[in-house]
Student: 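Below is one structure. I have some questions about it.
Numbers restart at 1 for each chain; the letters A, B, ... are given by sequence-line order, proteins then strands.
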There are 2 protein chains.
Amino acid sequence: MYPPRTPEPLSDHLTTQILNYQLTHGMHLKHIHPNQPQPSHNITSSSSSYPISTSIFPTPFPRALFHHAHTLQPIYNELYARLSENESWLYNSVIKPLLPVDSFARTLWEIHLRMKSKRGGGYGSDISMGLFRSDYMLHVSGNDDGDQEEEEVEVGISLEESENAGLRLKQVEFNTIACAGGCHAKKVVDMHRYLTRTGAYDGSLSDANGGERKSPIKLSSLPTNENIKGLADSLATAHDIYGPARCDLATKTGVLFIVQPDNFNVADELPIEYALWDRDVPVPTYRVEWGEDVLERTCLGGNRELLFYPHLQGEGSRPVEVSVVYLRAGLEVHEYDAAGIECRVRLEQSRAIKCPSVLGHVLTFKKVQQALMGLGVLERFLDSEEKVSVIRDTFVGMYPMDGDSEEGHYARGLATDHETAWRYILKPSLEGGGHNIYGEDIPGFLLGMISESEWGRYVLMERIRSPVVGNVLMSRMGVEESDVVSELGVFGLCIWKKGEILTNETVGWSLKTKFADVDEMSVVKGFGCFDTPLLV
Amino acid sequence: MYPPRTPEPLSDHLTTQILNYQLTHGMHLKHIHPNQPQPSHNITSSSSSYPISTSIFPTPFPRALFHHAHTLQPIYNELYARLSENESWLYNSVIKPLLPVDSFARTLWEIHLRMKSKRGGGYGSDISMGLFRSDYMLHVSGNDDGDQEEEEVEVGISLEESENAGLRLKQVEFNTIACAGGCHAKKVVDMHRYLTRTGAYDGSLSDANGGERKSPIKLSSLPTNENIKGLADSLATAHDIYGPARCDLATKTGVLFIVQPDNFNVADELPIEYALWDRDVPVPTYRVEWGEDVLERTCLGGNRELLFYPHLQGEGSRPVEVSVVYLRAGLEVHEYDAAGIECRVRLEQSRAIKCPSVLGHVLTFKKVQQALMGLGVLERFLDSEEKVSVIRDTFVGMYPMDGDSEEGHYARGLATDHETAWRYILKPSLEGGGHNIYGEDIPGFLLGMISESEWGRYVLMERIRSPVVGNVLMSRMGVEESDVVSELGVFGLCIWKKGEILTNETVGWSLKTKFADVDEMSVVKGFGCFDTPLLV
């Protein structure tokens, strides 16, 4: 039985321990009051905060599949690095079908074309960097009999058993820009491990019916998480690859975080900055807001150095030469007003290493996942059958929704028919989720809400059928026990230069869990919780 | 010129950096809503929080006096350890004068007498522990000409110069129970050091008039602070001295934090607990609330072991044998209702090492400071002229307010006369400050608010005349530049056993700063800020 039974008032005591831990470890989101732009005018209200959603207990997850996801990451890194270097494939398979229907794809491609034009002057760096996150859910395969019910598979079993049960990792999405959650994920894991080590779960019994079987939560079953170090080390590696400053004006080199204004989730960015400053050889790191702030605070040096003038330096002081541009902004179409476009262009023109560059960025479109399913595509970009096989095994069915191809027509049929639509998710190309249409809502959405000419913006993806398990989730809405499903994200670092891969690593992971009957996963929007796998 | 000039909009940017740092490092106080005792019912409102008050810039402080305060601490530790062992001195000099007028002194002494009686069964441990904090302010001596103005002494000078200027450390108070602020102090120091290292002060100019002199804030002038480690190590030392569990029932030994319910300042306690669990050999640590919670969760074993049943363990599980009782509660008279008294008695009856025991606790009364001024008292308790001399040098004039002694009559005259009262503070014996009467308010208070029979509860203390310096303080009320004064606290650990001192160390420090025209210093009440000394 999971989660373990926590008799009252134990659960309140456990909740208090969690809230205290969150408070003292900065696991909070800011209350943002858009009408109070001046923090100094009212410190209390403009800087108060509330805890991020978390599971009370770790959630069981097959140990072998957890480790398997880590081994997949370098292959995915390599694959996406190679995709980004193949402009014609990218154009034909991803961009061209989106151009007529997706303004964000158009905007990014126009920036790309401008960069290549005389006016743009070419990209400033031939080194590319990705801090990717590949998201997976457990999937019960081999049971395609049309049963609409959630699968009730026991997760607390061995790999062999889970393979017998047909459990697989299936990829939800592959993110190539502003991959978030790393810092929160690490701290929640530390918290669950702390609670385990201190015996906070010892009073929870796994047998509700009379037996006294102790909580199954053991420290050895909870993997450690070093995301903050992993992400900081990644940026430091790129920083080192950039090398010393070229510009005589510059006093030093440093990493530039490009951030969104009024971000309520700074607690997921700042620990990486602190870790960079805290290294034995500190990596200077600065924050600047996307758009006007970048344009005012930076300029290009004679050799395309990106020169940054920190906000808190005196007038007449000398700039920092930016080694790495780390984008935690510029991922949403509304950010690309005139200043946003000029901001992106300036960054791309510079010789700083971009994380990511434009061609890495467009790989975040869901269209890419669908295009990768095409006949021979994986074989073209990966150099071994083994790699092709393990990657393909993470795919679920995905279809284009265009009006031209045979596949598109087939998918349109599936999506508009209530008899079949419930098996699918309709996903726009946007980054970050939250705009998906699920199952039975699809036909009504397609036929009633948007014009047929826009259907091509979407891909149709088979729903992943995750086994459910019990847990107790704590969010702004309260504490609730329910069936839940989890999503495992794996962070990967790849740095490459014209076909040569310089660095390729798995650098972290996150587990997010939501109620099984809720479709969206976003934690910061309140639909999901950060979590720790209880490896079984 | 101090503080350095920060032109707009730099100051907003600096404020934002500070708020972000506080959010991500748990430097927050809880919003407490007394009508929402169940945290699970509304996570957001019951667990939201706001940043603790802090100075924007470090505050200049004489380097030599900062270090001198550290060297004083072991002498003070030794002095207070010896005082606690001399019951007759304690009774005659501190308790007896307070018994008729101070109900808290009466309550504690009754507990002491009960412990010594047959019914009480004697104290359970002959080992005593103090985690003390001695608070000092800078004092301009040798200028007793009755000038009522704040002293305008330049702090940015060498020790020799500050001695020439007559600067001395003068003790504000000596705290022997529940000494707070250690964790916040450490984090604020880390923050000011971070801001310095990252160049956040570089744009601040120390010359307002045209010159471009750079900010005088250098990393080498900001001492590091290891309070959390120091306080955790102190408890671990006592834990080790206690040794292995005596009781067969107990699974292990551990430190018990006795805390106040609904405490909004848990962020000053929890980091010590986390540090104890995080040691290479973890020291198990638990929290229990003062009063009923202690009575329900503990019992005495056959050899007076204090056996504690953690809240989150299952029914029928075995207890932890408490090695050290660390009181962060039981410091206020209202806590001593019937359950509070039984709670204290049970703790004292046990063989656990108490931090502090009752006789250590009563040393926190201001009456002790005054009694130490008596002829020959220091000489009696300290074993060298040198020690006597440096301790006495930290004293300012203090007088009893009783109606019997010659000194008391003299003090009553000073305190009721407006011509002299402005030079003094009237302090009750209570711990923690916040009930003091300052200067010109004293005559009205004595003559109008309380009956003369209660005057003996107070001591009359000369006001310390601190040099003022400029700074910018950030609190719930906003950000304000003003003249400020600082208070340096030094944490000391002492463990002793019947005259033998087992451990005697300086283990940390804190700097608190307030507006010069505000009397109270309490940070958690909003009157002061945590700060870092800029050593000069």
Side-chain angles (χ1 to χ4, degrees), chain A residues 9-17 19-26 28 30-31 38-51 194 197-205 212 214 266-267 270-271 274 277 282 284-286 310-317 474-479, chain B residues 9-17 19-26 28 30-31 38-51 194 197-205 212 214 266-267 270-271 274 277 282 284-286 310-317 474-479:
Chain A
L10 287 205
S11 58
D12 276 352
H13 202 84
L14 192 51
T15 306
T16 300
Q17 285 213 24
L19 292 174
N20 281 345
Y21 193 96
Q22 291 180 307
L23 171 72
T24 46
H25 289 80
H28 271 213
K30 278 186 184 179
H31 285 297
Q38 301 295 334
S40 57
H41 292 169
N42 189 324
I43 298 300
T44 305
S45 67
S46 73
S47 61
S48 71
S49 61
Y50 59 95
Y194 165 78
R197 195 163 61 235
T198 61
Y201 297 130
D202 288 357
S204 311
L205 302 172
E212 287 285 316
K214 279 300 195 101
V266 291
L270 294 164
Y274 299 139
W277 279 106
T285 305
Y286 302 88
H311 299 77
L312 289 169
Q313 285 190 358
E315 281 175 36
S317 64
M474 186 164 100
S475 72
R476 297 179 77 170
M477 307 309 293
V479 176
Chain B
L10 287 205
S11 57
D12 276 352
H13 202 84
L14 191 51
T15 306
T16 299
Q17 286 213 24
L19 292 174
N20 281 344
Y21 192 96
Q22 292 179 307
L23 171 73
T24 47
H25 289 79
H28 271 212
K30 279 187 183 178
H31 286 296
Q38 300 296 334
S40 55
H41 294 168
N42 188 323
I43 299 300
T44 306
S45 67
S46 74
S47 61
S48 71
S49 62
Y50 59 94
Y194 165 79
R197 195 164 60 235
T198 62
Y201 297 129
D202 288 357
S204 310
L205 302 173
E212 286 285 315
K214 279 300 194 103
V266 292
L270 294 163
Y274 300 139
W277 279 106
T285 306
Y286 302 89
H311 300 76
L312 290 168
Q313 285 190 359
E315 284 176 33
S317 63
M474 186 163 101
S475 72
R476 297 179 79 170
M477 308 308 294
V479 175

Student: Applying side-chain contact (heavy atoms from CB on, under 4.5 Å) to B/Ser49 and A/Ser48, what does each step give before you reach the verdict?
Tutor: CA-CA 5 Å; B/Ser49 62; A/Ser48 71; over 6 Å; no
Student: Pick whichever of B/Tyr286, B/Tyr274, B/Tyr194 has the most heavy-atom pairs under 4.5 Å with chain A.
Tutor: B/Tyr274
Student: Can you tell which of A/Thr285, A/Val266, A/Asn20, A/Leu270 has the highest number of heavy-atom pairs within less than 4.5 Å of chain B?
Tutor: A/Asn20
Student: Please round to the nearest 0.5 Å and tell me the distance separating atom CG of A/Leu19 and atom NZ of B/Lys30.
Tutor: 6.5 Å
Student: Just to verify, what does B/His28 make a ring-ring contact (aromatic ring centres under 6.0 Å, His included) with, not counting sequence neighbours?
Tutor: none
Student: Which is it for B/Asp202 and A/Leu312 under the side-chain contact (heavy atoms from CB on, under 4.5 Å) test, yes or no, and what are the steps along the way?
Tutor: CA-CA 6 Å; B/Asp202 288 357; A/Leu312 289 169; over 6 Å; no
Student: When heavy-atom pairs shorter than 4.5 Å are enumerated against chain A, which of B/Ala200, B/Ala267, B/Gly199 gives the highest number?
Tutor: B/Ala200
